[in-house]
Amino acid sequence: MKIDIIRHSEWAGTKFTLHLLSQILGKIKLETAQQEPQWAHVALDITPDGFSTGLLFTQNQVFQVDADIRNSRILVNVDRNVQSISLEPSKSIKWYHDEIFSALSSGGIDLKINPKPQEMANTTPMDEDDTPLEFDQQSALKGLKLFQFALLEQRKFIAPMRCRKMKPALFWGTFDVSLLILHGIMEPFPEDRVIEKAAFDEQMIEYGFWLGDEQTDIPAFFVLPYPFQYKDLNSPSIKPSEAFYDETKSEYFLPLDTIAARENPSGEIQEFFRSTFDALVDELNWQGCDYYFTPLKMKEQASGNQQ
């Protein structure tokens, strides 16, 4: 898949709109999906056209809400009765909120969510915020393609591994596509914070892809260990050479622009994932991880998506 980078500064307004919409969809999952460790049940699916709650159940009904970027609409499907809400410039998040919940209500699903955005600088409740929002479809599609690219690379890495894992999905709080590898060691979060207590209660390694912000304009892959390691973990073993460790954030980073034009960017991303895994397994003293890479006894696929 060709890497077409879009910088944060090139679509900040549209990205903000999609982030807010993902918060509505995520909070719907928060209230209806069966609970899982590390908030896995609230993550959103990346689709060919955008992102989605996936299939949900409530009050003996099935339903799903999709943000369809390719066709500039939100689809609310209750028992196959689909209502379409247009994605347009200058609409507010209050308008989208009210339209989505009105469509659910007309199908017999009466849900309430906490309307305050989570893990965002903006804290205005979404059912009160009348601020006109930006939406540029072409920019949004470029962002979606980056998410799809990241999802593919993450799947290449995690799919064959024989470990406990959360498969890659869209985390709507931080608006990144991430996966988790867990090793079955409890590690309670040391502070009384609602989100973190459930997100960080076991040792893990998170592999993610982030679209950037006001401080960091370029999208990047990242790797985060828990418990956090606020020390210098830079090493010649970390590949490719452009990857680095930020001890103030306890994260490895691989900026996308450093490899986008390479002959084999996928190979370099996989090298980044595996080399950081090896380094962090050693740092966390996880035992028995060689087993994770025991080859699958399956015929090779013809799709070309293997490593």
Side-chain angles (χ1 to χ4, degrees), residues 4-31 42-54 63-77 82-106 111-148 150 169-177 209-219:
D4 185 10
I5 295 176
I6 183 168
R7 295 170 178 264
H8 167 81
S9 57
E10 295 174 332
W11 72 306
T14 293
K15 182 158 83 68
F16 178 69
T17 301
L18 295 181
H19 193 172
L20 285 174
L21 289 172
S22 77
Q23 295 259 329
I24 293 177
L25 271 61
K27 286 171 178 284
I28 289 171
K29 288 199 75 173
L30 178 65
E31 296 300 328
V42 307
L44 301 174
D45 299 332
I46 298 293
T47 70
D49 298 321
F51 50 86
S52 170
T53 63
F63 74 103
Q64 179 168 304
V65 183
D66 296 337
D68 180 353
I69 295 169
R70 194 170 306 280
N71 297 292
S72 299
R73 62 189 181 180
I74 299 167
L75 300 175
V76 180
N77 183 335
V82 182
Q83 295 191 46
S84 179
I85 301 163
S86 62
L87 271 171
E88 301 174 13
S90 300
K91 295 285 180 67
S92 70
I93 196 60
K94 180 183 185 305
W95 187 87
Y96 290 119
H97 172 280
D98 293 349
E99 289 292 308
I100 290 170
F101 284 95
S102 175
L104 288 171
S105 181
S106 70
L111 280 178
K112 290 184 178 179
I113 63 169
N114 178 352
K116 182 179 177 181
Q118 291 178 204
E119 300 180 88
M120 296 183 70
N122 174 60
T123 59
T124 305
M126 293 182 287
D127 60 348
E128 300 176 6
D129 193 346
D130 277 320
T131 307
L133 295 170
E134 297 179 30
F135 179 71
D136 178 76
Q137 185 195 43
Q138 294 307 307
S139 296
L141 286 172
K142 286 184 178 181
L144 173 61
K145 278 192 168 294
L146 286 180
F147 271 163
Q148 291 169 340
L170 176 59
F171 280 83
W172 46 271
T174 45
F175 207 53
D176 53 51
V177 173
F209 176 79
W210 175 64
L211 292 167
D213 62 11
E214 287 77 7
Q215 287 74 46
T216 307
D217 207 29
I218 300 292

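Checked against side-chain hydrogen bond (donor to acceptor under 3.5 Å, both in side chains), Ser106 has the following partners two or more places apart in sequence or in another chain: Gln83. Residues passing the side-chain hydrogen bond (donor to acceptor under 3.5 Å, both in side chains) test with Thr47, sequence neighbours excluded: none. Partners of Lys91 under the salt bridge (charged side-chain N to carboxylate O under 4.0 Å, His left out) rule, at least two apart in sequence or in another chain, are Glu88. Not counting sequence neighbours, Asp127 has no partner by the salt bridge (charged side-chain N to carboxylate O under 4.0 Å, His left out) test. Every ring pair (Phe, Tyr, Trp, His ring centres under 6.0 Å) that Phe209 has, sequence neighbours left out, goes to Phe221. For Thr216, there are no side-chain hydrogen bond (donor to acceptor under 3.5 Å, both in side chains) partners, not counting sequence neighbours. With sequence neighbours excluded, the residues forming a side-chain hydrogen bond (donor to acceptor under 3.5 Å, both in side chains) with Thr131 are Asp129, listed by chain and number. Every residue was checked against the ring pair (Phe, Tyr, Trp, His ring centres under 6.0 Å) condition with Phe135, not counting sequence neighbours, and none meets it. Residues satisfying the salt bridge (charged side-chain N to carboxylate O under 4.0 Å, His left out) test with Asp213, not counting sequence neighbours, are none. Lys29 meets the salt bridge (charged side-chain N to carboxylate O under 4.0 Å, His left out) test with no other residue; sequence neighbours excluded.
Of the possible donor and acceptor atoms, one in the side chain of Trp172 sits under 3.5 Å from a partner among the backbone N and O of Val42. The backbone N or O of Ile28 lies less than 3.5 Å from no partner atom in the side chain of Glu31, so there is not a single donor-acceptor pair. Between the side chain of Gln148 and the backbone N or O of Ile46 there is no donor-acceptor pair closer than 3.5 Å. The main-chain N or O of Val65 is found under 3.5 Å from a side-chain atom of Thr53 such that the two form a donor-acceptor pair.
Within the model, atoms NE2 of His97 and CD1 of Ile24 stand 6.0 Å from one another, a figure rounded to the nearest 0.5 Å. Between the CD atom in Gln138 and the CD1 atom in Ile69 there is a gap of 11.5 Å [rounded to 0.5 Å]. The CG atom of Asn71 sits 10.0 Å away from atom CG of Leu87, with the distance rounded to the nearest 0.5 Å. Ser92 contributes atom OG, which lies 10.5 Å from atom CG of Leu20 (distance to the nearest 0.5 angstrom).
Closest of all the heavy-atom pairs between Ile6 and Pro219 is O-CG, 3.5 Å. Annotation for Thr123 and Lys116: closest pair O-CG, 3.6 Å, computed over non-hydrogen atoms. In this structure, Leu104 and Phe63 approach most closely via the heavy-atom pair CD2-CD1, 3.7 Å. Nearest heavy atoms, Ala43 versus Ala169: CB-CB, 3.6 Å. Of all the heavy atoms in Trp95 and Ile85, the pair that sits closest is CZ3-CG2, 3.5 Å. The heavy-atom pair separating Thr174 from Trp210 by the smallest distance is O-CD1, 4.3 Å.
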Start with the C-alpha gap between Asp217 and Ser9, add the side-chain angles, then the distance that decides, and say whether side-chain hydrogen bond (donor to acceptor under 3.5 Å, both in side chains) holds.
-> CA-CA 6 Å; Asp217 207 29; Ser9 57; 2.9 Å; yes

Begin from the C-alpha positions of Phe171 and Leu44 and carry the test side chain to side chain contact (heavy atoms under 4.5 Å, CB included) through to its verdict.
-> CA-CA 7 Å; Phe171 280 83; Leu44 301 174; over 6 Å; no

Under the side chain to side chain contact (heavy atoms under 4.5 Å, CB included) rule, what do Phe175 and Leu211 come out as? Steps first, then yes or no, please.
-> CA-CA 8 Å; Phe175 207 53; Leu211 292 167; 4.0 Å; yes

Under the side chain to side chain contact (heavy atoms under 4.5 Å, CB included) criterion, do Phe51 and Leu144 qualify, and how do the steps go?
-> CA-CA 9 Å; Phe51 50 86; Leu144 173 61; 5.8 Å; no

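With a 4.5 Å cut-off on side-chain heavy atoms, Val82 and Val76 do not count as touching. Contact check for Arg7 versus Glu10: side-chain heavy atoms found under the 4.5 Å cut-off. Between Ile113 and Leu30 the shortest side-chain heavy-atom distance does not fall below 4.5 Å. Using a 4.5 Å cut-off on side-chain heavy atoms (C-beta onward), Trp11 and Glu134 make no contact. Put simply, the side chain of Ile74 does not reach to within 4.5 Å of the side chain of Ser84, judged on heavy atoms. Ile93 has its side chain out of reach of Asp130: every pair of non-hydrogen atoms, C-beta onward, lies at least 4.5 Å apart. Under the 4.5 Å side-chain criterion, counting only non-hydrogen atoms from C-beta, Met126 is in contact with Pro117.
For residues 13-24, the set of pairs meeting the side chain to side chain donor-acceptor pair (under 3.5 Å) definition, not counting sequence neighbours, comprises His8-Lys15. Counting only residues at least two apart or on different chains, the salt bridge (Lys or Arg N to Asp or Glu O under 4.0 Å) pairs with a member in residues 63-77 are Asp49-Arg70, Asp68-Arg73.
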